[in-house]
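The chain is numbered in sequence order, starting from 1. All values reported here derive from a predicted model rather than from experimental measurement.
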Amino acid sequence: MKTSVKASIYVFLIFLITYLVIRFSIQAVFSDTNIYLISAISAGITVVLSPQKRIVKKQSGDQIQLKWFFSKKVIILK
């Protein structure tokens with residue numbers, strides 16, 4: 001599997017899990033709110049909180065780097 005495909009899968013899974021947690025948390029707190037509004041707010045928050053992927057080419061091969069908004073630490077996946 002190529003490095004870019006692996007990075008996309010990781011980012012999508014993290015995005016999906018973050019979205020579902022935020023959406024159901026907001027729905028639990030505000031149960032009478034419109035479903036479309038809850039979905040839009042959850043998507044906006046998730047876009048800000050989800051990691052950014054970078055593919056760095058090195059002599060030893062490609063590396064996937066995930067950078068979070070609130071963390072200065074870069075997660076390196078091979």
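For Ile35, the side chain to side chain contact (heavy atoms under 4.5 Å, CB included) partners two or more places apart in sequence, or in a different chain, are Arg23, Ser39. A search for side chain to side chain donor-acceptor pair (under 3.5 Å) contacts involving Gln65 returns nothing, not counting sequence neighbours. Listed by chain and number, the residues in a side chain to side chain contact (heavy atoms under 4.5 Å, CB included) with Ser25 are Val21 (sequence neighbours excluded).
Taken together through direct or relayed side-chain contacts under 4.5 Å among Ile, Leu, Val, Met, Phe, Trp and Tyr, Leu37 and Val29 form part of one hydrophobic cluster.
For residues 41-53, the pairs satisfying side-chain hydrogen bond (donor to acceptor under 3.5 Å, both in side chains) are Ser8-Lys53, with sequence neighbours left out.
In terms of heavy-atom proximity, Pro51 sits nearest to Val11 at O-CG1, 4.0 Å.
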Indicate every side-chain donor-acceptor pair of residues 68-77 with a distance under 3.5 Å to a residue at least two apart or in another chain.
from	atom 1	to	atom 2	distance (Å)
Ser71	OG	Lys73	N	3.2

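Through chains of ILVMFWY side-chain contacts below 4.5 Å, Val47 is grouped with Phe15.
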key: Full working for side chain to side chain contact (heavy atoms under 4.5 Å, CB included) between Thr33 and Ile41   = CA-CA 11 Å; Thr33 309; Ile41 292 170; over 6 Å; no

task = List the steps and the verdict of side chain to side chain contact (heavy atoms under 4.5 Å, CB included) for Ile64 and Val56.
result = CA-CA 6 Å; Ile64 304 167; Val56 179; over 6 Å; no

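Atom CZ of Phe24 sits about 10.0 Å away from atom CD1 of Ile38, to the nearest 0.5 Å.
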